[in-house]
Amino acid sequence: MSHSTVTKKGQTTIPGEVREALKIQPGDRLEYQVQGDHATIRVHPGIRLLAGALSSKKGKGLSFNEIRRAAAVISRQKAIR
């Protein structure tokens, strides 16, 4: 089991083995869910969710707004899963 210490400012360092297991990278946002005396931590999918979503030659020639709409649809679909 990993552990860390909380500073006076409420900050802590996430142990390396936890960062590796959750694939946490600098700049990632974390979500916390507290249930009683337990907390669940997960990486907020954010922009990583879209990685490769539009990597297709089908999108060539689309306007910026069309690409944004397509990205929003894909993001919603992946967030539901």
Side-chain angles (χ1 to χ4, degrees):
M1 178 184 294
S2 300
H3 68 276
S4 61
T5 304
V6 179
T7 67
K8 290 179 185 179
K9 291 184 174 184
Q11 298 173 338
T12 189
T13 299
I14 301 167
E17 60 194 42
V18 175
R19 288 193 314 266
E20 290 173 13
L22 297 177
K23 297 183 174 124
I24 297 173
Q25 300 172 0
D28 281 350
R29 296 183 61 92
L30 303 178
E31 294 178 346
Y32 301 87
Q33 181 179 16
V34 178
Q35 295 177 326
D37 64 346
H38 288 79
T40 301
I41 301 170
R42 79 179 201 104
V43 180
H44 185 278
I47 202 123
R48 266 203 277 168
L49 183 69
L50 299 175
L54 297 176
S55 59
S56 165
K57 293 186 180 187
K58 293 178 185 177
K60 266 194 163 177
L62 293 177
S63 72
F64 181 72
N65 284 333
E66 290 170 321
I67 292 171
R68 283 183 57 202
R69 280 193 293 274
V73 167
I74 290 169
S75 177
R76 282 191 294 273
Q77 290 171 349
K78 286 189 175 186
I80 291 172
R81 290 184 205 163

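Quick note: numbers below take in every heavy atom, side chains included, and nothing from hydrogens, waters or symmetry partners. Given the structure is predicted, the values throughout are model-derived calculations rather than measurements.
At least one side-chain heavy atom of Arg19 sits less than 4.5 Å from a side-chain heavy atom of Thr13. Asn65 is listed as a side-chain neighbour of Arg69, based on a closest heavy-atom distance under 4.5 Å.
Atom CD1 of residue Ile41 and atom CD1 of residue Ile24 lie 7.5 Å apart, to the nearest 0.5 angstrom. A distance of 12.0 Å separates CD in Gln11 from OG in Ser4, rounded to the nearest 0.5 Å. For the atom pair CG of Leu22 and CG of Leu30, the computed distance is 8.0 Å after rounding to the nearest 0.5 Å.
Hydrophobic clustering (side-chain heavy atoms under 4.5 Å, transitive across Ile, Leu, Val, Met, Phe, Trp, Tyr) groups Val43 together with Val18.
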Can you give each donor-acceptor pair under 3.5 Å made by side-chain atoms of residues 32-40, sequence neighbours left out, with the distance rounded to 0.1 Å?
none

